[in-house]
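What's counted below: heavy atoms across the whole structure, side chains too, no hydrogens, waters or symmetry copies. Predicted, not measured: the structure shown is a model, and the values here were computed from it. Residue numbers start at 1 and run along the sequence shown.
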Amino acid sequence: MNNISFRHKLLYYSLLLSIVPILILGAVSSYIASMSMQKEVDRHHRILLQHLQRQIDEFYREADRVSVQLATQESVVRAMRLGPSMAHYEETRAAIDEVARMRASAPFPYDVSLVFTSFDMVYSNLYGLVPLPDFPLSGESGVIDPDPIGSTLLYPERAAERNEIVLVRPVPVFTTPSYGSIVLHVPIDALIRQLEQFQTGSGRELYIVDRHGRVVADNVVDASKRAAYFPPDAFERSAYAAADGTAYRLSSLDSALSDWSFVALTPESQLTDKSKRIQIVTAWMVLALTLVWGAIAFLGSRQLYSPIKRLFQRVPQQSQTQAQAPSTKELVAVEAYIQRMEKQNKDLQHQWNSNLPHIQENLLLGLLWGVTSEEEFLKHPGAGGLLQRRKYCVSVVEWDDASSFRSRFGERDRALFMFAFRKIVEELCVEYSTPDIAITIVSPNPEQIALIVGTDGEPERVAASFEPLAKQMREIVQTYLKNTITVTFSATRGGIGAIPGLYQEARSLLEFRMLLGPNLTISHRDIERSAPLLERQWIRELKNIAASAALAQTERARDELDAFVEALPARITDVQTARGLLSYFIGELAHQLHEIGADANDIFEENLYQRISRFHTVYEAAAWLREEVFPAIAARLREEQDEKFRIDQVLQYIHAHFETDLSLQQLADIAKLSPTQLSRMFKEVTGVPYADYLIAYRMEKAKYWLEHSDLPIKTIAERLRYTTVQNFTRIFKQVVGVPPAQYRRTLRGA
């Protein structure tokens, strides 16, 4: 359709919109007419079957009444009690005469058998006086042991393969034990005559079917078309059946007095003849309307297209030039131009949605650090949905032993570890959020998570909701991650502009964990209630000493430490408090080293906390810090600066010559080191081995060329010094996750 002019599209759509409803209307009308005829047939079936049911049930009640009259005749009861013998010939003869009299006056023909159960004899007007075993129905339990309350109906297939219906009643009735039973043999012809009385119409058939689906009687004249069996699932309210290649509409009705079902069949051909006539008339009407509306659509599309030419004048000249083919003129150029704009908008929207979490993260980080003002934050398009409360407090969650955490895990493992930990915190925050409290999460550094808690309620509710959350976070980390964290939260103040100060307040509370202990929840209220040993001035002095030592200002750090220790006896009176302050100083020193990219575990072989706990006096600990710790830090920093300078030279050379065959020996010569020394120093400074760094850098160049150039993949592989395209493709897929060709198609939307 993209190669068809808009004028033709307008014509096609007009024809489609005008003709399709007519076709649908014709099809629906034909279907409704067909369904109406089927419903009419079903209604006639139901009326016919209800009438048949009443007539057959009346026939059954009449037969049952006859059996009751016979079973209650005094002569019959006396003969059944005395038995068929010469000694009681008169009684037996009287019973036989009574049976003959009642048969002569019955409204339908039937035969009677008297079963003398106690004497194992049977008298029947069909068989005469015969022993019970010779009686054809002797094997039926209903004959030998009839139902003492009512009658028993034996169907034709159980009546010794005779074409009859058998009705059995005990003698006398309603008495146990009985003397015997009376058996009525009703010919099937009697039922057939009942069916033949119905005027069913041409081709319509009636059947009486037992509970097994076998036909008891029918009104079918042609025996070759007579059904002998109906499947049980055919007895629905209305369904379809097939016999001898002829389709029938079937309806059934169950008898209220017996296990019979009444079935009516109408040939499907009688229904389809009228449907076909209606369909033919409908088809002619649809054809006429189609021609009329087709002409209207043709003329209307020509009139509608006239204002479209004016739109073409508004399209940029470049787009008009691209639409000079006969099938792509005028509005097709407009359409193509709009499609390109839509595609660009979709790409931009997709990029925006993909980068929105990172944008919001950076926006929140800028707000926390005070880089982004409240006005800038609110005006930023990425701030939608963030921080829409009246009051805020900030919580900081940080690992207690950050140096141990860094020494146990590599950079990638730490990132995965913190990602999992952040997901746990996010799930807990969702669970504890309420309509009045919203929690936003951000990661200021790799070992810290900040929670911005917004509320429209009272600050006390924030504290009451946050303390259980903090406790659960600490328990989960201690149980599942085998580590401890400290959670701090600031006071609550109004406005987004207060968030940077609240964050600094929450960070400053982390300083007190070395005095209060790890694995705690510390709030501003806890510090206000703490002992005088938590004087903020002392903390600031220790932070200054640690900062001087971390900057290799050894003499200044010594002087500040001596001044602090000299004033210590006037401030505190117990050694434990002084030791706690020095332990806090060790933690702050490790933190300051981490801020400049150093690690205390790499500088000192022994754990600093364990070493300082073995000193008996503060002065011994201070001397150890002056003479060993501060000089070791300064020496290590000078060594790292020299190593970093050498590795920077190597990195610059790699970046400039990545398209050549680079070897570790070649780079070691540049750095004036041995290959082993260079390999060790390279990994210490960059965090990755030399070979992995070179591969990653080359893959970044490959990604750039694939996205921003049309260089063949073979050329890219050769420029990056891969011997074969297959080898380059394998390495690229390992690093990026997809082959180069698929990466290029994905970025370009192909």
Open item on the list: I want to check something: taking the side chain as every heavy atom from C-beta on, are I439 and E426 in contact at a cut-off of under 4.5 Å?
Closed with: no

Task: Any M473 side-chain heavy atom under 4.5 Å of V477 side chain - done: no

Open item on the list: Could you report the tightest heavy-atom contact between S75 and A95, atom names first, then the distance?
Closed with: O-CB, 3.7 Å

TODO: Answer yes or no: is there a side-chain heavy-atom contact under 4.5 Å between F119 and S85?
DONE: no

- [ ] Could you walk me through whether V171 and S178 pass the side-chain contact (heavy atoms from CB on, under 4.5 Å) test, one step at a time?
- [x] CA-CA 6 Å; V171 179; S178 62; 5.9 Å; no

- [ ] Evaluate the side-chain proximity of M80 to T117: yes if any heavy-atom separation is below 4.5 Å, no if none is.
- [x] no

Task: Charged N-O contact under 4.0 Å between D97 and R93 - done: yes

TODO: First locate atom OH of Y60, then atom CZ of R65, and finally report the distance between them rounded to the nearest 0.5 Å.
DONE: 14.5 Å

Task: Between NE2 on residue H51 and CD1 on residue I56, distance to nearest 0.5 Å - done: 10.0 Å

TODO: Looking only at non-hydrogen atoms, find the nearest pair between L184 and A63 and report the distance.
DONE: CD2-O, 3.6 Å

Open item on the list: Apply side-chain contact (heavy atoms from CB on, under 4.5 Å) to residues T455 and R389 and explain how you reach the verdict.
Closed with: CA-CA 5 Å; T455 180; R389 303 288 177 162; 5.7 Å; no

- [ ] For the residue pair I476 and I424, establish whether any side-chain heavy-atom pair is separated by less than 4.5 Å.
- [x] yes

TODO: Take H185 and Y110, measure what side-chain contact (heavy atoms from CB on, under 4.5 Å) needs, and give me the verdict at the end.
DONE: CA-CA 5 Å; H185 305 264; Y110 63 87; over 6 Å; no

- [ ] For residues Y127 and V122, determine if any side-chain heavy atom of one lies less than 4.5 Å from a side-chain heavy atom of the other.
- [x] no

Open item on the list: Show, in sequence, the C-alpha distance, side-chain angles and deciding distance for E427 and K423, and conclude whether the salt bridge (charged side-chain N to carboxylate O under 4.0 Å, His left out) test is met.
Closed with: CA-CA 6 Å; E427 293 178 1; K423 288 298 181 184; over 6 Å; no

Open item on the list: Are more than 12 heavy atoms, taken from residues, nucleotides or ligands other than Q472, located less than 6.0 Å from that residue's CD atom?
Closed with: yes

Task: Point-to-point distance, once rounded to the nearest 0.5 Å, from CG of D134 to CG of L129 - done: 11.0 Å

Task: For the student: nearest non-hydrogen atoms of R169 and A71, plus distance - done: CD-CB, 3.9 Å

TODO: Indicate yes or no: does R54 engage E58 in a salt bridge with an N to O separation below 4.0 Å.
DONE: no

- [ ] Could you check if a side-chain atom of P84 sits within less than 4.5 angstrom of a side-chain atom of F116, using non-hydrogen atoms only?
- [x] yes

- [ ] Supply the atom-to-atom distance E98 CD to Q69 CD, rounded to the nearest 0.5 angstrom.
- [x] 9.5 Å

Task: Full working for side-chain contact (heavy atoms from CB on, under 4.5 Å) between R474 and K471 - done: CA-CA 5 Å; R474 292 191 289 104; K471 181 180 179 182; 4.2 Å; yes

Open item on the list: Nearest 0.5 angstrom please: E91 CD to R81 CZ, how far?
Closed with: 8.5 Å

Task: Check against salt bridge (charged side-chain N to carboxylate O under 4.0 Å, His left out), R61 and D57 - done: CA-CA 6 Å; R61 282 192 289 268; D57 288 347; 5.1 Å; no

- [ ] Find the distance between OH (Y123) and OG1 (T92) and round it off to the nearest 0.5 Å.
- [x] 10.5 Å

Task: For L70, the option from I182, V77, L114 that meets side-chain contact (heavy atoms from CB on, under 4.5 Å) - done: I182

TODO: For the residue pair L167 and V186, establish whether any side-chain heavy-atom pair is separated by less than 4.5 Å.
DONE: no

Task: Donor-acceptor contact below 3.5 Å, side chain N125 vs main chain V112 - done: yes

